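These notes are about the structure you will find just below.
This structure is a prediction, so every number in the text was calculated from the model and none was measured. Labels below follow one simple rule: chain letters A, B, ... track the order of the sequence lines, proteins then strands, and each chain is numbered from 1.
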Protein chains: 2
Amino acid sequence: MDSSSIINIHSLSRACNECQLQDLCLPLGLSRGDIDRLDQIVNRRRPLQRGSTLFNQGDRFQSLYAVRSGSVKSYSTSDEGDEQINAFHLPGEILGLDAIGSGTYPLSIVALETTSICELPYERLHQLAHEVDGLQRQLLRVMSRELNSDEQFMRLLANRNADERFASFLLNLASRYEARGYSGQAFNLSMSRSDIANYLGLAVETVSRLFTRFQQEGMIRVQRKSISLIDRDRLNALCNLNPLGRNPAKNQL
Amino acid sequence: MDSSSIINIHSLSRACNECQLQDLCLPLGLSRGDIDRLDQIVNRRRPLQRGSTLFNQGDRFQSLYAVRSGSVKSYSTSDEGDEQINAFHLPGEILGLDAIGSGTYPLSIVALETTSICELPYERLHQLAHEVDGLQRQLLRVMSRELNSDEQFMRLLANRNADERFASFLLNLASRYEARGYSGQAFNLSMSRSDIANYLGLAVETVSRLFTRFQQEGMIRVQRKSISLIDRDRLNALCNLNPLGRNPAKNQL
DNA sequence: CGGCAATTTGACCGGTCTCAAAGTGTGTGG
DNA sequence: CCACACACTTTGAGACCGGTCAAATTGCCG
C-alpha cells in the first residue's frame, strides 16, 4: 500500500459511516458493523486537481473508485485520437465497474474540478462481498442501475433531437444534484460546452445555440458555468413529449 | 414451481454441462460440480414462438434468463407508445440484469424467431453465487461486459453516421455468430428492417437504402433475411476510420 | 496588458428524415 | 391450392435539422 497516497488517516477513519453519500454509494443497506469492515479496505486518496487523470483507458484494473466530492468525466479515445465522453460522474458514483469483465479499464477518468476519490481495491472488495451478503447485493444493484441509465441514454441518442437531448441533460443533472442534497434549481456546470456537446453527440456550436435559445425562451438562465432552471415544467415537456420523434414505430415485430 | 412450463426434464438434465454455450454463459469458469449445482436451479421453459413475449417492461423481477437458441429483441416503450429497441440477444446472453437494481424489468423481451430460454430464479442464483465464488465472479463479469458493450454502442450512436452504424451492426452480428460457432460470413437476420432502423437510430428508408447501396458496392449480398458479408475489410474500414467523424474533439478539458 | 482558449454568432451545406407510392412476400380463409 | 389482404420493403423527391467553416467576442491567467 502506498502510504503517500493516503491523507490524514485519522480524521477520515470510519469515514463511510459518517459520509453523507452512504445512501447513494456502496454502503447502502449495510449495518454499521459491516460498513466498518468496508471502511477498512477503502483508501482515501489525495484530491485530484482539475484536469488530472485517475486512470487511463487500457490501464490494468485493480480497484473500483467512488467519487467523494467534485466531479469527473469518463471518456474513451479511438485509434484516431478523438475522444468520446461517456458520462459525467457526481459524488457517490462508482467508477471502473466496466473494467471487471476485461481486467482493463475501457475508459479514462479525468477530474473536471478538484475532486476527492475513495479507492476500493477490487480483490478485497470481492472477498468482503463474499462474506457480507448485503455488499454483494449492493454491488449488483449498482451495476444494474448503471445498465439502466446507459439504456436510457442510448434511447436519448437514438431518437431525440438536439432540444430534447439538451433538456434531458439539464434535468438529469438537476435530479442527481437533488439526490445529493444540493439544489437542482441552480447549480454549476463543471464541464465545458465542448464536453457537453461531445457527450450529447452534438456540435459545440449547436450546444452554444441551445444555451442561448433556451435562455431567450425563458427556460433557463445561464452565466458561463452557472445555470438556473427557471421553467422545469417546460423542460420536462420537451423530454417527455416527442411530437416530432423519429421512428414512431409500432414495431409489430 | 410451475411444472407445466418445464419440458422434458430428463433429456435436459445436466444440460449446462452439455451445453455448447458454456463458454459464453454463466457457467464459464465453473467446475463440473459447480455447474451441476447451477443446473439444479435452472428451469428450461417451453420454447417461445416468434413474436411472443418473455416478460414485459414493468413486470416484477424474479428471474434472469439465458437465451439458449434463437434470438430476441429487448425494447422499452415510452409513454406515447413508441418503442426503442435496445438490443438483439443471441444464444448464451443473459437477460434481465438491468432489473436487479429496481426489482422491475425496465425492458420488454420478445422472440424474433422460435427461441429457447433458460430461467434462472434470481434469489436462488444469488444464494448459489454466495457459496460458489466463481459464480459471483462470472455474474459480475457478465454485467461488466454488458456495460462495456453499451458504452461502445453509445459511442456509435453519438458520433457515427448511417454508413458506419450499419457496417458496425453487421460486423458485430458476424463476430457474435462466430463466437457461437456459426458462420460470420453468411447468416440470417432474424429482425426486420424496421427493427434494425429503430435499433440504429435511423429511419427504415435509410436502412433499406443502405442494404441496397452496400450490395451495389459489393460489400454484402442480401436476399431478404439472408445476408453474406463479401468484403469485410471494407466494412471494417468503414467502422474504424472516421474521416468525416463529428467532434474530432481534442477535448483539452 | 497581452495571448490563447473557450464560447458565441452567422452563413451555408449536406445527410438523413418525411411523405408518398410502388413493389414484394407471407399468411389466412375459402 | 388459390386468391386476397396486409405487412414489409424498396424507391423517389423534397425539406429541414444540425454539422461545418469562418470569424468575432469573451474571459482567463500569466
Side-chain angles (χ1 to χ4, degrees), chain A residues 49-51 82-83 85 112-113 156-167 169 188-216 220 222-227 238 242-253, chain B residues 49-51 73 82-83 85 112-113 156-167 188-216 220 222-227 238 242-253:
Chain A
Q49 293 306 307
R50 172 183 147 91
D82 56 323
E83 296 182 359
I85 294 174
L112 293 169
E113 58 193 310
L156 188 78
L157 292 176
N159 53 57
R160 300 305 190 183
N161 65 23
D163 287 24
E164 295 162 340
R165 291 184 197 191
F166 188 59
F169 169 70
N188 269 35
L189 299 163
S190 57
M191 67 295 287
S192 68
R193 302 289 193 261
S194 119
D195 281 345
I196 297 173
N198 181 304
Y199 174 64
L200 294 177
L202 300 171
V204 191
E205 295 92 330
T206 303
V207 168
S208 177
R209 284 183 249 265
L210 285 165
F211 272 109
T212 306
R213 186 156 52 77
F214 275 35
Q215 174 156 245
Q216 282 169 356
I220 63 176
V222 218
Q223 198 174 30
R224 304 201 52 68
K225 298 281 189 187
S226 126
I227 186 164
L238 268 180
N242 191 18
L244 302 175
R246 310 170 181 173
N247 294 325
K250 290 162 306 264
N251 252 322
Q252 302 284 14
L253 175 86
Chain B
Q49 293 306 308
R50 171 184 149 92
K73 64 176 175 182
D82 56 324
E83 296 182 358
I85 295 176
L112 293 168
E113 59 193 308
L156 188 77
L157 292 176
N159 52 56
R160 300 304 192 182
N161 66 23
D163 287 24
E164 293 162 340
R165 292 183 197 192
F166 188 59
N188 269 35
L189 299 162
S190 56
M191 67 296 287
S192 68
R193 302 289 193 262
S194 119
D195 281 345
I196 297 173
N198 182 303
Y199 174 65
L200 294 177
L202 300 170
V204 191
E205 296 91 331
T206 304
V207 169
S208 178
R209 283 184 250 265
L210 285 165
F211 272 110
T212 306
R213 184 156 54 79
F214 275 35
Q215 173 155 246
Q216 282 169 356
I220 63 176
V222 218
Q223 199 174 28
R224 305 202 51 69
K225 299 280 189 187
S226 126
I227 187 165
L238 270 181
N242 190 19
L244 302 175
R246 311 169 181 172
N247 293 326
K250 290 162 304 264
N251 252 320
Q252 303 282 14
L253 175 85

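- B/L189 places its CG atom 10 Å from the P atom of D/dT9, with the value rounded to the nearest Å.
- Whole-Å rounding puts the B/N159 CG to D/dG18 C1' distance at 15 Å.
- As a whole-Å value, the separation of A/R160 CZ from D/dG18 C1' is 18 Å.
- Looking at heavy atoms from C-beta onward, B/L210 lies in side-chain contact with B/L202 at the 4.5 angstrom threshold.
- For B/I85 against B/N198, the heavy-atom pair with the smallest separation is N-OD1, 2.7 Å.
- The side chain of A/S208 lies closest to C/dT7, out of C/dT7, D/dT9, D/dG18.
- Every residue two or more places apart in sequence or in another chain that forms a side chain to side chain contact (heavy atoms under 4.5 Å, CB included) with B/S190 is listed here: B/S71, B/L112, B/E113.
- Of the side-chain N and O atoms in B/T206, one or more sit less than 4.0 angstrom from OP1 or OP2 of C/dC17.
- In this structure, the side chain of A/R160 does not engage the main chain of A/R165 through any donor-acceptor pair within 3.5 Å.
- Closest contact between the side chain of A/A203 and the listed nucleotides D/dT10, D/dT20, D/dG18 involves D/dT20.
- Atoms CZ (A/R213) and C1' (D/dC17) sit 11 Å apart, rounded to a whole Å.
- Phosphate contact (OP1/OP2 of C/dT9, side-chain N/O of A/T212, threshold under 4.0 Å): present.
- Where the helix from C/dC1-D/dG30 to C/dG30-D/dC1 starts and where it ends, the local axes point in directions that differ by 50°; five pairs per end, rounded to 10°.
- Comparing D/dT9, C/dC17, D/dG18 by their closest approach to the side chain of A/A162 singles out D/dG18.
- With hydrogens and angles disregarded, no donor-acceptor distance shorter than 3.5 Å links the side chain of A/Q215 to the backbone of A/T212.
- Note: CD (B/E164) to P (D/dG19) measures 14 Å, nearest angstrom.
- With C/dT16, C/dT7, D/dT11 as the choices, the nucleotide that has an atom nearest any side-chain atom of B/N161 turns out to be C/dT16.
- In this structure, the nucleotide among C/dC17, C/dT7, D/dG19 sitting nearest to the side chain of B/L202 is C/dC17.
- Side-chain contact between A/F211 and A/R193 is present, with at least one heavy-atom pair separated by less than 4.5 Å.
- For the pair B/F214/B/I227, no side-chain contact is recorded, criterion being any heavy-atom separation below 4.5 Å from C-beta on.
- Distance, B/K225 NZ to C/dT24 C1': 13 Å, rounded to whole Å.
- Across the protein-nucleic acid pair, B/N198 atom CG and D/dC8 atom C1' stand 15 Å apart, rounded to whole Å.
- If you take CD of A/Q223 and P of C/dT7, they are 15 Å apart, rounded to a whole angstrom.
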Protein-nucleotides 21-27 of chain D N/O pairs under 3.5 Å:
{"unit_1": "D/dC21", "atom_1": "N4", "unit_2": "A/E205", "atom_2": "OE2", "d": "3.0"}
{"unit_1": "D/dG27", "atom_1": "O3'", "unit_2": "A/R224", "atom_2": "NE", "d": "3.4"}

